[in-house]
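Here is the structure we will look at.
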Number of protein chains: 2
Amino acid sequence: MRPDKEVTIYDIARTLNVSPATVSRGLKDHPAISTKTKRRILEKAKELGYRSNNFASNLRKQKTQTIGILLHELHSHFIVSVLAGIEKVTTEAGYDILIAHSSESGQKEVANAQNLFHKRVDGIIASLAFDTPDLSHFLQFSEKNIPIVFFDRVEEDSLGTKVIIDNYKAGYQATQHLLDQGCKRVIHITGNQSRNVYKQRAKGFKDALLDNNQEYNPANLKITDLDRVESEKVANEILNMQPRPDGVFCAGDFSAAVCMRVFKSAGLRIPEDIAIVGFNNDVICTLIEPQLTTINYPGVEMGEIAARILINHLNGNADITLTNSIIIKSDLIVRESSLRKPIE
Amino acid sequence: MRPDKEVTIYDIARTLNVSPATVSRGLKDHPAISTKTKRRILEKAKELGYRSNNFASNLRKQKTQTIGILLHELHSHFIVSVLAGIEKVTTEAGYDILIAHSSESGQKEVANAQNLFHKRVDGIIASLAFDTPDLSHFLQFSEKNIPIVFFDRVEEDSLGTKVIIDNYKAGYQATQHLLDQGCKRVIHITGNQSRNVYKQRAKGFKDALLDNNQEYNPANLKITDLDRVESEKVANEILNMQPRPDGVFCAGDFSAAVCMRVFKSAGLRIPEDIAIVGFNNDVICTLIEPQLTTINYPGVEMGEIAARILINHLNGNADITLTNSIIIKSDLIVRESSLRKPIE
DNA sequence: CTTCAAATTGCAACCGATTGCATAAATTTT
DNA sequence: AAAATTTATGCAATCGGTTGCAATTTGAAG
């Protein structure tokens, strides 16, 4: 046997004088194989340095044991946490994952979906890109009965299971907190309103204002890309508003941090002149000054739940089509950037 | 034909009255197939919704068209940039990537290497974990002639190609900069000295001091995990040193940011009382205050180069064993945290 | 010592694409 | 028009593991 040649079950079968079928069964602990034979097979496999060939196996089984992950971004603490949760569960269950990220481009998301489809993943876990216009690229999966779990960024009335936080509540809570701190003129900086996360937070913002008998003015909603350039622009707009807002609820920590810099360079004191609340509890929250009040989002847990649901479905232990939405709890973390009054 | 059944080249062959071999060749643009036949095959493939079966193909070709990526961490702007560079090149070349990260655990790295080995990746791109003790888990790849490219965190005298920056020079440069700014007592906070990146930076630090006729005291080298807790601890140590250091070169931006917080809460002014230089040019550099001077590290480029080398080798266009190290340029970005004198 | 059931193991046909070699068809040359 | 090329296509084996069913062995019961 050439040393660079791969060992197969046929090699093991030959040296042990059994059939390849027996070896195959023995390696996967099939109940019909006697304990003694199993042991012999396992030992010989180890001795010869056998490694099973996934392709042959997948080809025959018509299963890939692979789950496709569609992400909108990797430069995000939250997303990486979700990924860690997904990995934990999938690894335990013996699934591989194929990660594809779109860098927030809907177009790339479509291409990635296409690619995962051709790779024949057994299931999909997805969070939509910033500007994904519709879900038609997911239809091909549904048609082949390939299950999909969406998380975080979802389409509200789509098919498939969704794992999300209550963005409405979080938005309401953040706004209420600013009002409780004595803010009179609160602004909300947010993203694309066709994305559920931003739409719901904005709705929570609006309702919190109305419930507190504050005027709701559409001009108080600043819709941006939440990137550096746009955030700086909006921050400057806010600086020039008359009267100047005294509270900002920003739908992303990064954007909030950029705004804080702008406000500070303009000489404003945070939170005295203007209080700030972010969203996501990213690492930067505690590195900037003052530390940023934010909504904490349990990433790892979200990933674990999404993966668990999908795998249960794939293993036939649960039917995904019966579940619609799973809401994970989130909470407000109060830090210096918004704390004008001492906590009672 | 059942609707949920996959279309194969046999189906296409049958409807067109040609052989499967012709279809196979036609689909991959084999020169022996006539243009007309190719067109017919392509059209029919599209019409029937054919998608090629990678497993069958890989099984036959004994190639996976997959590259394994071993990373020490994903919570890092730098690493994600490298990943983006790798992805760009591998996608163009028609390779898949399998990403495994060890969360800085050498033990997990070994398990990941094992896993990628069993998945039969065609090649490996790796950056070592914080505490990887040796490279024995890479031997199995060498034995099967599976090429490996290391980047950033490498073992200095290992086999295989390395793509790195000149950490010595960067360390020297950072230290020289602090000295140029008038610092008299400079401290270096760094990580595990068996990792090349930290060792070389520390060496550059030392030589810069000596070349400037400054005393080099091993106590000026603070070796830590560079995580939050350790960084805070070291920062407090530094605060209590007599005489107190007036310059800190920290081998990571995150750790530098944590130190800055500690120093600022203690009432020190940055850079007047203590100047700080980080490493990596992470996003936080420009969000904290004062903005952090750092060493910029071209992540995307590094990933592109590592991937390109590997793929050229796999395609037989270059021999990886002839290349040893590729040094990518890095540079010092001066910001407020260290700038005591105006730039001339 | 049979007879029958249970426990093991083997046979052989898949899964779908690839490719060396042979053959057939089209084109050119003599 | 026959022979020699060139161009296209087909045949059939191969990659390695899986699994329904048949066959054999073992053990227990009568």
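All values below were derived from every heavy atom in this structure, side-chain atoms included, with hydrogens, water molecules and symmetry-related copies excluded. Given the structure is predicted, the values throughout are model-derived calculations rather than measurements. By convention in this document, chain letters (A, B, ...) are assigned in the order of the sequence lines, proteins followed by strands, and residues within each chain are numbered from 1.
- With C:dT8, D:dT19, C:dA17 as the candidates, the nucleotide lying closest to the side chain of A:Ser24 is D:dT19.
- The shortest heavy-atom contact between A:Phe130 and A:Arg153 is N-NH1, 3.4 Å.
- When the nucleotides C:dT9, C:dT18, D:dG16 are ranked by their closest atom to the side chain of A:Ala56, D:dG16 comes out on top.
- Taking 4.0 angstrom as the limit, A:Ser34 places none of its side-chain polar atoms (N or O) nearer than this to OP1 or OP2 of C:dT8.
- An OP1 or OP2 oxygen of D:dA8 is reached within less than 4.0 angstrom by no side-chain nitrogen or oxygen of B:Thr37.
- Side-chain nitrogen and oxygen atoms of A:Ser52 include none within less than 4.0 Å of the OP1 or OP2 phosphate oxygen of D:dG17.
- Applying the 4.0 Å criterion to OP1 and OP2 of C:dC14, one finds that A:Gln62 has every side-chain N and O outside that range.
- Residue A:Ala32 places its side chain closer to C:dT9 than to any other of D:dT19, C:dT9, D:dG17.
- Residue A:Asn17 is the one, among B:Arg25 and A:Asn17, whose nearest nucleotide of DNA chain C lies closer to the 5' end (criterion: closest heavy atom).
- Counting any heavy atom pair closer than 4.0 Å across all strands shown, B:Tyr10 reaches a base atom.
- There is a side-chain donor-acceptor pair under 3.5 Å between B:Thr64 and B:Asp122.
- Between A:Ser19 and the phosphate of C:dT9, there is no side-chain N or O to OP1/OP2 separation shorter than 4.0 Å.
- Rounded to whole angstrom, the span from the CZ atom of B:Phe55 across to the P atom of D:dT14 amounts to 24 Å.
- The phosphate of C:dA17 (OP1 or OP2) has a side-chain N or O of B:Tyr50 nearer than 4.0 angstrom.
- The separation between A:Arg39 atom CZ and C:dT8 atom P is 14 Å, rounded to whole Å.
- Note: A:His77 and B:His75 have tilted aromatic rings, judged against thresholds of 30 and 60 degrees for the angle between ring planes.
- In this structure, of C:dG10, C:dT19, D:dT18, it is D:dT18 that holds the atom nearest to the side chain of A:Ile9.
- B:Val18 comes within 4.0 angstrom of sugar-phosphate atoms only, judged by non-hydrogen atoms across all strands, and of no base.
- OP1 or OP2 of D:dG17 has not a single side-chain nitrogen or oxygen of A:Ser57 nearer than 4.0 Å.
- For the residue pair B:Lys119/B:Asn115, the side-chain donor-acceptor check at 3.5 Å is satisfied.
- If B:Arg60 and B:Val23 are placed on DNA chain D by their nearest nucleotide, the residue sitting closer to the 5' end is B:Val23.
- Projected onto DNA chain D by closest heavy-atom contact, A:Lys28 and B:Ala21 fall at different nucleotides, the more 5' of which corresponds to B:Ala21.
- In this structure, B:Arg40 does not pair ionically with B:Glu43, as no charged nitrogen and carboxylate oxygen lie closer than 4.0 Å.
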